[in-house]
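For reference, the structure discussed in these notes is given below.
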Amino acid sequence: MPVPEKPALEGLEKTLAERWEREGTYRFDRTKTREQIYSIDTPPPTVSGSLHVGHVFSYTHTDIIARFQRMRGKEVFYPMGWDDNGLPTERRVQNYFGVRCDPSLPYVPNFTPPEKAEKQPISVSRPNFIELCTKLTVEDEKAFENLWRHLGLSVDWSMTYATIGADAQRVSQKMFVRLLAKKLAYQVEAPTLWDVDFKTAVAQAELEDREQPGAYHKIHFYREPGAGSREPVAIETTRPELIAACVALVAHPDDARYQHLFGTEVITPLFGVKVPVKAHALADPEKGSGIAMICTFGDTTDVTWWRELKLPVRAIVQANGTLGPVTWGAPGWESLDAPRAQSAYDQLAGLSSKKAQAKIVELLRESGDLQGDPKPITHAVKFYEKGDRPLEIVTSRQWFIKTIDFRDEFIKRGQEISWHPEYMRLRFENWVNGLNGDWCISRQRFFGVPFPVWYPLRDNGRVDYDNPLIAEESRLPIDPSTDVPTGYREDQRGKPGGFVGDPDIMDTWATSSVSPQLVTFWDSDPELFARTFPMDLRPQAHDIIRTWLFSSVVRAHFENNSVPWTNAAISGWVLDPDRKKMSKSKGNVVTPLAMLEDYGSDGVRYWAARGGPGVDTAFDVGQMKIGRKLAMKVLNVSKFVLGGDPQDGAVTEPLDRGMLQNLAALVDEATAELDNYEYAKALAKIESFFWDFCDNYVEAAKSRKYGDFGVEAAASASTAMRLALSVLLRLLAPYLAFACEEVWSWTNSGSVHRAAWPTRDEILHVSGTDATAQQALLHVTEALNVIRKGKVDQKVSIGTPVQEIVYQADDEAIACLRLVERDLKAASRTDSLVLKAGAETGVQITLKPPVEA
RNA sequence: GCGCGCGUAGCUCAGCUGGUUAGAGCGCACGCUUCACACGCGUGAGGUCGUUGGUUCGAAUCCAUCCGCGCGCACCA
């Protein structure tokens with residue numbers, strides 16, 4: 001393809017993306033050996049709407065690494081996944097189609113949702129709901145892929161996976177079954193963090209603290225029956241609505257104020273329940289009155305106290321967040337005054353925690369058990385990160401994967417991984433060291449990977465959880481709600497003597513955490529697995545170190561006795577101009593496609609590339625414009641360098657040799673930075689060289705290239721420039737994937753993205769290594785700067801031919817400049833250039849006499 | 001409370017294994033259209049490198065302290 005008359009960036013994204021697809025430029029060649037392969041465990045973006053700037057930012061980083069590794073000769077294994085399972089999809093489907101899942105409804109074949117979502121949601125069965133999820137995510141995934149292609153991700157698009165796909169289900173289930181066999185996964189009925197709106201258990205990793213208004217309520221417990229009894233024990237609590245669930249009071253064992261109470265019993269206000277006073281080191285004498293109410297369950301500390309002090313359960317908060325019914329006087333709910341307890345509690349039953357609190361404050365005030373007014377405070381409260389109301393702790397049966405006993409081993413695995421940047425390892429270690437329980441992986445939701453487990457139903461109709469029926473590995477994936485355990489018939493489902501399926505699905509991280517095994521076909525393609533695992537790179541953002549990264553380490557440790565990957569590249573966030581994380585809720589997210597169209601994919605890639613590993617980066621269209629200008633400059637200078645007839649010949653001129661030698665040094669530096677995942681630093685160096693190349697070298701050698709000093713001198717310039725351009729295009733190709741490919745195509749048949757990464761030797765082979773030449777370009781640049789300034793001082797343009805220039809500099813510079821005098825003379829537009837050695841650097845310029853009319 | 005990152009020109013950032021007058025781009029001011037590029041070229045103004053101490057012949061760079069911003073973990077009666 002010839003050099004175009006007017007090179008342009010417009011439309012390159014479309015034509016080149018099509019060409020890359022047609023030619024299979026990024027197709028993975030699985031015949032290569034493990035040493036030749038570089039495998040990447042790309043984050044599957046959540047298909048719950050649209051991609052945002054943050055995605056474009058971090059995925060570009062990964063693509064730069066991928067392109068670099070590919071050019072270095074690695075066969076890059078770079079599949080793309082879609083995270084289409086889990087709550088975000090469920091929520092999106094609910095809103096998009098106007099439906100709600102009701103698992104009790106039967107499946108309706110060929111169900112079609114209304115054209116426009118109606119206000120009142122339609123209830124649909126679980127299989128129908130899942131059908132709609134699948135339908136919507138397929139559309140979403142298409143849109144995502146188009147955007148990624150437009151951005152220029154060098155993904156092998158024949159290798160995509162979905163986290164709800166059959167492969168993902170099989171691998172998730174198989175790895176779960178194996179954990180069961182090793183007794184690393186288990187099921188238990190226990191107090192669990194619970195979201196009352198989603199009505200599901202959640203894991204420690206999914207919590208976040210939010211500052212909430214609350215109030216200390218000072219209430220009285222009594223040492224003997226009757227509100228007027230002596231020595232009431234005053235405790236402060238932020239959750240008076242849980243008094244009915246109180247099972248003990250607790251203070252620090254050394255707290256002098258409460259020594260006389262330890263081992264005695266006190267009576268709860270309103271409900272008249274006798275509870276013991278206990279000592280425990282976790283009780284903080286500084287906090288409140290120093291003595292706390294233990295309820296089942298107000299917070300995680302309650303769970304600890306309850307477990308360690310072996311207290312009974314009196315649970316009142318239900319799965320939906322309201323207080324459940326209680327019969328006072330019944331076993332476990334003994335009261336000194338059951339009728340009074342009942343009449344008080346009946347006013348609370350059915351209310352949410354918040355409403356119950358307001359009500360019980362009234363009751364406590366009436367009874368005189370509340371001392372003074374509640375004291376407003378602000379305190380951190382645990383929320384499910386996607387939830388709207390504080391978490392409750394509800395006792396339920398859940399699946400867990402063991403983590404707490406393996407903390408040291410996980411830390412060691414973390415040390416086997418190279419972190420980019422290095423300090424992100426500390427976040428991992430902080431998290432592992434702070435684990436306070438095993439990993440709860442079951443969720444009471446619908447759209448996700450089910451547990452491959454059924455339970456026998458005893459003849460009395462009770463579920464026999466202790467003898468689960470585990471699906472055989474060869475049958476996976478299965479759905480226990482439609483598949484039948486081996487040895488049973490479908491008509492035995494739900495019948496005494498029959499079976500029931502486990503109703504839960506796996507947490508989204510429990511399935512995402514197997515992505516390294518999933519993409520490398522751990523269980524179904526051992527040959528591919530051996531060539532790609534452990535993978536080379538996990539790129540991801542820092543906010544999911546505790547979830548995705550951690551859980552992946554856990555799974556690979558247990559299943560493969562290995563790290564899942566040897567490098568973790570942690571990208572930062574995109575910040576809006578106010579330095580806040582960009583997010584949808586703040587309404588400041590820019591549509592990526594519009595951005596790519598406005599500034600070009602190369603412009604956007606440039607902006608992204610400047611944000612180094614782990615660095616939060618400001619959203620800045622100014623940088624995108626600069627990137628676009630850089631890409632444009634690449635096209636234009638290439639047009640000059642490659643234009644005209646090629647003149648091949650030896651590189652003899654010192655200026656040319658010097659430029660190439662500097663370029664060789666640049667190649668070494670840039671390669672070292674990229675090897676170390678410092679793509680931003682490499683870009684800064686390459687870019688700086690490139691502009692210097694355009695503004696100084698090309699300017700100085702231009703005249704010679706045109707043939708002003710003969711054929712040999714022209715050939716030297718032409719050959720040097722072409723080599724330099726070839727090297728620069730290859731150095732810039734990982735960043736400006738489109739512009740570089742476009743230029744490359746003018747003189748090459750293959751893709752620049754499959755071209756060999758440049759080496760110092762290929763340059764020095766042509767340029768030689770003489771030290772004098774290395775200095776030549778430096779001094780020419782210096783001289784040109786001084787002369788340009790001199791011209792500006794005399795108010796003439798840079799291009800104005802002048803009578804005479806006298807340039808003075810030190811001996812070394814002048815000696816060097818004499819070697820390249822012709823170039824300097826031509827570039828400064830004078831017929832008479834006098835080079836003078838002297839202590840001071842300076843210039844005298846004599847203008848041509850004005851031409852008489 | 002423990003830990004991490006950041007604080008350099010109006011803006012976005014580089015420099016930070018200590019060493020000549022602290023850099024780049026954008027923005028701003030001024031000037032330049034024949035021969036790759038006006039999506040261009042050039043020149044200029046602009047900074048006591050967050051504070052206060054210390055180490056050193058010499059500190060943006062090392063140490064300590066404090067201040068501010070962001071984040072992680074823990075606590076959360």
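Only this structure's heavy atoms are used, side chains among them; waters, hydrogens and symmetry mates stay out. All chains are named by letter (A, B, ...) in the order of the sequence lines, taking the proteins before the strands, and each is independently numbered beginning at 1.
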- Task: Could you give the distance separating B:rA59 and B:rA22 at their P atoms, to the nearest angstrom?
- Result: 13 Å
- With a 4.0 Å cut-off on heavy atoms, is A:K625 in touch with a base, just the backbone sugar-phosphate, or nothing at all? nothing
- Message: Can you tell me which nucleotide in B:rA77, B:rC39, B:rC13 comes closest to the side chain of A:R610?
- Response: B:rC13
- Item | Pairwise P distance, B:rU48 and B:rC11 [rounded to whole Å] | 13 Å
- Query: Which stems, defined as runs of 3 or more consecutive Watson-Crick or G-U wobble pairs with both pairing distances under 3.5 Å, involve RNA chain B?
  - Reply: B:1-7 with B:67-73, B:10-13 with B:23-26, B:28-32 with B:40-44, B:52-54 with B:62-64
- Do the side chains of A:I417 and A:V553 get nearer than 4.5 Å, heavy atoms only? yes
- Using the six-membered ring wherever Trp is involved, compare the ring planes of A:F689 and A:F693 and label them parallel, tilted or perpendicular (cut-offs 30° and 60°). parallel
- Counting side-chain heavy atoms from C-beta on, which of B:rC39, B:rA74, B:rC4 comes nearest to A:E10? B:rC39
- Item | Options B:rC71, B:rC4, B:rU12, nucleotide nearest the side-chain atoms of A:D620 | B:rU12
- Task: Specify the separation, in whole Å, of atom CG of A:N436 and atom P of B:rC2.
- Result: 20 Å
- Task: Starting at atom CG of A:L426, determine the distance to atom P of B:rG70, rounded to an integer number of angstrom.
- Result: 21 Å
- Check whether any side-chain N or O of A:T617 sits under 4.0 Å from OP1 or OP2 of B:rU12, and answer yes or no. no
- At their closest point, which heavy atom of A:I845 faces which heavy atom of A:K791, and how far apart are they? CD1-N, 3.6 Å
- Query: According to a strict under-4.0 Å criterion, is A:K633 in side-chain N/O contact with OP1 or OP2 of B:rC41?
  - Reply: yes
- With heavy atoms under 4.0 Å as the rule, sort A:T301 into base, sugar-phosphate or nothing. sugar-phosphate
- Task: Mind running salt bridge (Lys or Arg N to Asp or Glu O under 4.0 Å) on A:E206 and A:R546 for me, showing each step along the way?
- Result: CA-CA 9 Å; A:E206 295 169 293; A:R546 65 176 179 170; over 6 Å; no
- Message: Over all strands shown, is A:G643 touching base, sugar-phosphate only, or nothing at heavy-atom distances under 4.0 angstrom?
- Response: nothing
- Is there a side-chain polar atom (N or O) of A:H379 under 4.0 Å from OP1 or OP2 of B:rC75? no
- Which nucleotide sits closest to the side chain of A:A380: B:rA38, B:rG72, B:rC75? B:rC75
- Task: Please figure out whether A:P7 or A:M424 has its closest RNA chain B nucleotide nearer the 5' end.
- Result: A:M424
- Message: Heavy atoms only, 4.0 Å cut-off, all strands: where does A:I626 land among base, sugar-phosphate and nothing?
- Response: sugar-phosphate
- Considering only atom P, compute the distance from B:rC62 to B:rU8 and round it to an integer number of Å. 16 Å
- Query: What does A:D695 touch in the nucleic acid at a heavy-atom separation under 4.0 angstrom: a base, only the sugar-phosphate, or nothing?
  - Reply: sugar-phosphate
- Using a 4.0 Å heavy-atom cut-off across all strands, classify A:A631 as base, sugar-phosphate, or nothing. nothing
- Message: From CZ of A:R546 over to P of B:rC71, roughly how many Å is that when rounded to an integer?
- Response: 13 Å
- Message: I want to verify a distance call: between B:rC75, B:rC39, B:rG70, whose nearest atom is closest to the A:K382 side chain?
- Response: B:rC75
- State whether the distance check finds a donor on one side and an acceptor on the other, under 3.5 Å, for side chain A:D209 versus base B:rC75. yes
- Pick the C1' atom in B:rC75 and in B:rG53, then give their distance to the nearest Å. 35 Å
- Note on the structure: Separation of B:rC71 atom P from A:R427 atom CZ, nearest Å, is 10 Å
- Item | Pairwise P distance for B:rG50 and B:rC63, with rounding to whole Å | 15 Å
- Let me see the working for A:N662 and A:Y697 under side-chain hydrogen bond (donor to acceptor under 3.5 Å, both in side chains), right down to the final yes or no. CA-CA 11 Å; A:N662 294 341; A:Y697 169 74; over 6 Å; no
- Is it the case that A:R704 places NZ or CZ above or below the six-membered ring of A:F709, under 6.0 angstrom from the centre and within 45 degrees of the axis? no
- Query: Phosphate oxygens OP1/OP2 of B:rA74: is one of them under 4.0 Å from a side-chain N or O of A:Q204?
  - Reply: yes
- Are the side chain of A:N676 and the backbone of A:E678 linked by a donor-acceptor contact shorter than 3.5 Å? no
- Item | From CH2 (A:W419) to CZ (A:R538), nearest 0.5 Å | 10.0 Å
- Roughly how far apart, to the nearest Å, are B:rG25 and B:rU34 at atom P? 24 Å
- Item | Interatomic distance, A:Y606 OH vs B:rU12 P [rounded to whole Å] | 16 Å
- Task: Identify which nucleotide among B:rC73, B:rC13, B:rC76 has an atom closest to any side-chain atom of A:N430, counting heavy atoms from C-beta outward.
- Result: B:rC73
- Would you say A:Q540 and A:I545 make side-chain contact, with heavy atoms under 4.5 Å? yes
- Roughly, in whole Å, what's the span from CD in A:E241 to P in B:rA77? 11 Å
- Task: Using atom CD of A:Q371 as one end and atom P of B:rA77 as the other, report the distance to the nearest whole Å.
- Result: 19 Å
- Query: Rounded to the Å, how far apart are A:L683 CG and B:rA24 C1'?
  - Reply: 12 Å
- Pairwise C1' distance, B:rA74 and B:rG3 [rounded to whole Å]: 10 Å
- Item | B:rG58 and B:rG18, which share atom name P, separated by this distance in whole Å | 15 Å
- Minimum-distance nucleotide (side-chain atoms of A:W305 versus B:rG44, B:rC13, B:rA77): B:rA77
- Item | Options B:rC75, B:rC37, B:rG5, nucleotide nearest the side-chain atoms of A:E699 | B:rC37
- Query: How about A:E211: does its CD atom have over 12 heavy atoms from other parts shown lying under 6.0 Å from it?
  - Reply: yes
- Among B:rA38, B:rG42, B:rC76, find the nucleotide with the atom closest to the side chain of A:D299. B:rC76
- Can A:Y606 and A:E687 be counted as having a side-chain donor-acceptor contact under 3.5 angstrom? yes
- Which comes earlier along RNA chain B counting from the 5' end, the contact point of A:K6 or that of A:T300, where each point is its nearest nucleotide? A:K6
- Query: Which part of the nucleic acid, if any, lies within reach of A:M293 when heavy atoms closer than 4.0 Å are counted: base, sugar-phosphate only, or nothing?
  - Reply: nothing
- Message: Counting distance alone, no hydrogens or angles: does the base of B:rC39 have a donor or acceptor under 3.5 Å from a partner atom on the side chain of A:K629?
- Response: no
- Message: Counting only side-chain heavy atoms from C-beta out, which of B:rA74, B:rA77, B:rG42 sits nearest to A:R788?
- Response: B:rG42
